[in-house]
Structure formats: C-alpha cells, structure tokens
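Per chain, numbering begins at 1; letters A, B, ... match sequence-line order.
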There are 2 protein chains.
Amino acid sequence: MSEKIINLSVDCAIFGYENGKLKSLLIKRDKEPCSNQWSLPGSYAYFDETIDNAARRVLFELTGIENIYLTQVKVFGEVNRYPSHRVVSILYCALIKSDLFELIAGSHAKEVNWYDVNEVSELPFDHNQMINTALQWLKEEIWRKPISINLLPDKFPLNQLQDLFEAILQEEIDNRNFRKKVINMGLVEKLNEKTKGGQQRPAFLYRLKKSI
Amino acid sequence: MSEKIINLSVDCAIFGYENGKLKSLLIKRDKEPCSNQWSLPGSYAYFDETIDNAARRVLFELTGIENIYLTQVKVFGEVNRYPSHRVVSILYCALIKSDLFELIAGSHAKEVNWYDVNEVSELPFDHNQMINTALQWLKEEIWRKPISINLLPDKFPLNQLQDLFEAILQEEIDNRNFRKKVINMGLVEKLNEKTKGGQQRPAFLYRLKKSI
DNA sequence: GCAAAAGTGTTAGGAGTACACCCATGT
DNA sequence: ACATGGGTGTACTCCTAACACTTTTGC
C-alpha cells in the first residue's frame with residue numbers, strides 16, 4: 001500500500017434521487033478531526049495514483065460505491081480549512097441511481113447515508129460550501145449532458161424526468177415546454193411501451209440518449 | 001519565509017493581446033527539471049497561503065506581474081506529470097493588457113516573454129495540455145463576462161473588439177451581427193468620441209460595461 | 001478619385017416562454 | 001362518474017445567421 005500525500009485530499013459530493021428528492025451522500029466520521037460528525041466522503045490522495053483515481057478509491061473505501069463517473073469540480077485551498085494541518089482538497093461530483101448501490105461503510109466511515117440536500121445540517125470544514133458548489137455545477141450541467149441517466153431507471157415516463165429536473169433546479173417547469181425541449185434537443189427517445197399497473201392513465205416510456 | 005508544499009504547485013496560463021494576436025506568457029526556466037526550456041510560470045504553493053494567493057505570488061515572483069484577476073481552471077494530477085517527484089498542479093488563468101505590465105524575470109525564471117498562442121512550441125510536463133485547457137476555458141468565458149476588458153484599452157473602436165474575439169475564438173465573425181450582439185447584450189456602450197489620426201474614416205469609440 | 005476601413009438593415013429559422021384544456025385509466 | 005395524473009397546440013418574442021453595399025476620411 002502506498003503512502004498518503006498528507007497535504008492533498010479529495011472530497012466527493014455524490015447525488016442520488018429517491019422519492020422525488022435529491023439526496024446527498026454523507027458519512028459519519030470514525031476518526032479525528034470531527035469524529036462522529038457527518039461529512040462528505042473524502043480522504044488523502046496517494047503518491048502512486050492520479051487524483052481521479054484517488055477520488056474513485058476514496059469513495060469506494062468509505063462507501064462501497066464503485067465504477068461511477070466522477071467529475072472534478074473545484075479545488076478548495078483556504079489555509080485553515082482543515083483543523084489539524086494544511087490540506088488542499090479537490091472536490092469531485094457524481095450522480096448515481098441510489099438504489100443500485102449498496103452502501104458499505106468502510107475505512108474511517110462509521111456509517112453512510114443519504115440525506116435530502118435541502119436538509120443537510122451544518123457540516124465540518126468547508127463541506128457545506130462544497131455541497132453548494134456541487135449543486136451549482138449540477139444545475140449548469142443538467143441540460144448539457146445526459147447525466148440524469150444516472151438518476152433514473154433505463155426506461156421512465158417523461159414526467160419523472162421532469163420531477164427530477166425540478167428537484168435539481170429547484171423551480172417549476174412548464175410541462176409542455178419541458179416535453180418539447182427534451183425531445184427536440186435529442187435528450188430522450190420515445191419507446192413503444194407504456195407503464196402499467198398505475199392507478200391512472202398509462203404513460204409512454206422514454207429512454208435517455210447516451211450521446212448528445 | 002514559509003515552507004513549500006512540495007507535492008502541490010500552481011501554474012499560470014496568462015494571455016495577452018498584441019498586434020492582433022493572442023499571446024501566451026512563458027518563462028525560460030532557470031532550474032531543473034527542464035532548465036533552459038520555456039514553460040508556463042508555475043511553482044509550489046506555501047503552507048501559509050491560500051492556493052489563490054499562491055498563484056498570485058508565483059506569478060509575481062517569476063514575471064513581475066501583479067494585481068491581476070486569476071481564475072482557477074483545472075487540476076492536473078497525473079502520477080508522472082512532473083519528472084522528479086509527485087506534484088499535483090492547479091492551473092490558473094488570466095487575461096491582461098500585455099503592454100501595461102513590465103516583465104521582470106525573477107526567482108527561477110531566466111527570461112519571460114510573450115509567445116503567439118498558435119506558435120507555442122512543445123513545452124515540458126503537461127504544459128501544452130494546460131494551454132489548450134486554458135484556451136478552451138477562454139473561448140467559453142469570453143461571451144459570458146467582460147473579461148476582454150483586460151485585453152484592450154479603455155476606449156476602443158468596435159472592430160478592435162471583434163478582432164480580439166476572432167483571435168480567441170479562431171473563427172471569423174460577421175461584422176453586423178457582432179455589433180448588434182455586443183450592443184444589445186449590453187457588453188459595450190458607445191461613447192461620443194471618435195478615433196483620429198488614422199488613415200481612414202474615424203471610428204466611434206466604445207467602452208466595456210463592467211457588469212453584465 | 002481612389003484606397004481603406006467604418007458602418008448599416010432585412011429576412012428567415014429556431015428556441016424559449018406563457019398559457020388551459022381534453023384524455024385514458026382504475027376504482 | 002369521478003379522481004388522478006398523462007398528454008397536447010398556438011402565438012409571441014427573441015436570438016441567430018446569412019448576406020452586400022454605402023460612407024467617411026487621408027492621400
């Protein structure tokens with residue numbers, strides 16, 4: 001096992017979507033500083049791994065989540081952001097289908113859990129700021145790339161996608177305009193299937209196109 | 001003087017504009033590795049400064065340029081990007097009016113100079129990749145914020161602004177559409193002055209509005 | 001009067017926004 | 001039949017893109 005770069009860490013802001021709510025993944029810390037408090041999963045990078053790999057590894061070790069696409073968003077480099085010594089941290093973000101991953105607290109995580117982004121309490125270090133930055137990034141990215149693919153099942157009714165967009169953008173969207181837009185920007189394609197078993201009129205299913 | 005974080009550096013991609021060409025600021029290195037080669041100005045961050053301040057300080061020490069607005073763009077964290085040991089580097093970018101700053105090679109810079117971005121040779125480390133990333137950032141940013149303010153005199157004829165945009169975007173722009181756009185998006189305001197002393201018809205001067 | 005750069009207007013297509021009602025199903 | 005969520009169309013505005021000629025000055 002390689003050695004840590006003790007002045008350089010990665011933190012991961014992972015978003016999931018459940019019951020119409022956008023969730024953020026937090027761990028309960030099992031070591032100092034701020035032991036027993038909830039925070040973003042994060043830790044030091046090693047000397048023999050790229051920072052992208054560090055983010056992947058750290059996320060896996062702490063939460064059991066692997067094989068997801070992480071994006072580097074911003075570096076947090078205030079002098080006293082970390083109490084014990086100087087640590088510059090690189091924020092990585094991802095969106096995942098929360099029910100596809102089993103959460104396994106490992107390494108210095110005592111617990112792992114999803115928290116509604118609107119109900120995240122005060123976190124240690126600059127982690128609240130990180131979540132805000134990550135949310136901002138998400139709002140900008142959501143229209144550009146089919147990242148929402150990671151938050152919904154393969155096939156879904158359009159209104160579910162709209163709910164997701166509303167949860168992320170935190171604003172209401174006109175249903176007709178939303179449909180027109182996602183269809184003719186080529187974000188989704190209509191399938192020849194419908195939902196069944198609902199209490200109401202069945203809805204056509206759609207699929208996100210992987211490339212735009 | 002504080003100590004260096006030897007695994008963390010900042011590199012600065014500084015753009016200027018002269019004779020209708022977009023230029024990139026390079027230093028001739030005066031220490032190993034890659035001594036005597038031209039590279040982006042960059043060096044280690046110190047323990048007692050934020051990374052933003054590290055970028056400002058490093059730029060000043062190496063080139064004499066100070067008091068400019070630097071933006072953090074991306075982290076480069078490949079394992080072997082730096083030959084002697086592991087260094088993760090944060091790329092900062094800025095645009096400046098090149099003739100307002102006197103270049104003073106200092107610290108481990110033997111010389112400092114402007115190079116046409118289209119004629120930058122092969123640089124050490126991942127610095128060519130950094131310049132490309134910085135240029136990409138510039139292309140996206142140029143329409144959003146009045147960053148071009150830093151590349152032109154206070155008052156300028158509109159066609160000069162267009163030349164600048166064309167130099168950055170590397171494509172031709174329709175003159176009428178360009179004028180309409182920058183005026184009614186509120187990027188510039190027309191002044192009641194004209195150029196004089198040219199060989200041709202005098203042009204109205206414009207000024208960039210600071211806020212959009 | 002000529003060379004050189006400044007300046008100008010119209011049209012057509014696409015994207016965004018606002019807005020209100022009928023439809024298909026389960027119970 | 002009614003409650004529930006699914007689904008649709010139009011009109012207006014604004015931005016973009018394409019396109020060519022006239023104007024003002026210095027020489």
Exercise for the section: Tell me whether the guanidinium CZ or amine NZ of B/Lys74 lies under 6.0 angstrom from the six-membered ring centre of B/Phe76 and within 45° of its axis. Expected result: yes

Problem - Spacing of B/Lys180 atom NZ relative to C/dA12 atom C1', expressed in whole Å - result: 12 Å

Exercise for the section: Measure the shortest side-chain to side-chain distance between A/Tyr17 and A/Leu152 over non-hydrogen atoms and say whether it is less than 4.5 angstrom. Expected result: yes

Fill in the blank from the handout: From CG of A/Asp163 across to P of D/dG5 the rounded distance in Å is 11 Å

Handout entry: B/Gln162 CD to D/dA17 P, straight-line distance once rounded to whole Å
Key = 13 Å

Handout entry: Candidate nucleotides C/dA6, C/dT8, D/dT10, ranked by approach to the side chain of B/Lys190 - the nearest
Key = C/dT8

Exercise for the section: Using atom CD1 of A/Ile183 as one end and atom C1' of D/dG7 as the other, report the distance to the nearest whole Å. Expected result: 10 Å

Handout entry: Nearest-Å distance for atom pair CD/P, residues A/Glu193 and D/dG6
Key = 17 Å

Handout entry: Main-chain N/O of B/Asp174 paired to B/Arg179 side chain as donor or acceptor, under 3.5 Å
Key = no

Pick out the pairs of N or O atoms, protein on one side and nucleotides 22-25 of chain D on the other, that lie under 3.5 Å.
from: D/dT23; atom 1: O2; to: B/Arg201; atom 2: NH1; distance (Å): 2.5

Handout entry: Sub-4.5 Å side-chain heavy-atom contact between B/Leu25 and B/Leu103
Key = yes

Handout entry: A/Lys155 atom NZ, over 12 foreign heavy atoms within 6.0 Å
Key = no

Exercise for the section: Could you check which residues of residues 172-179 of chain A get a heavy atom under 4.0 Å from DNA chain C? Sort them by number, please. Expected result: A/Asp174, A/Arg176, A/Asn177

Exercise for the section: Specify the separation, in whole Å, of atom OH of A/Tyr206 and atom P of D/dG6. Expected result: 12 Å

Exercise for the section: Could you tell me whether the side chain of A/Asn150 reaches within less than 4.5 Å of the side chain of A/Phe15, counting heavy atoms only? Expected result: no

Problem - Row check, B/Trp143 ring normal vs B/Lys181 NZ/CZ: under 6.0 Å, within 45° - result: yes

Problem - Separation of atom CE in A/Met185 from atom P in C/dG16, rounded to whole Å - result: 8 Å

Practice task
Considering just the side-chain nitrogens and oxygens of B/Lys181, establish if one lies under 4.0 Å of OP1 or OP2 belonging to D/dT16.
Solution key: yes

Exercise for the section: Over 60° means perpendicular and under 30° means parallel, so classify the ring planes of B/Phe165 and B/Phe178, tilted if in between. Expected result: perpendicular

Handout entry: Heavy-atom side-chain contact between B/Ser43 and B/Val10 under 4.5 Å
Key = no

Exercise for the section: Quickly work out the A/Phe204 CZ to C/dT25 C1' distance and round it to whole Å. Expected result: 14 Å

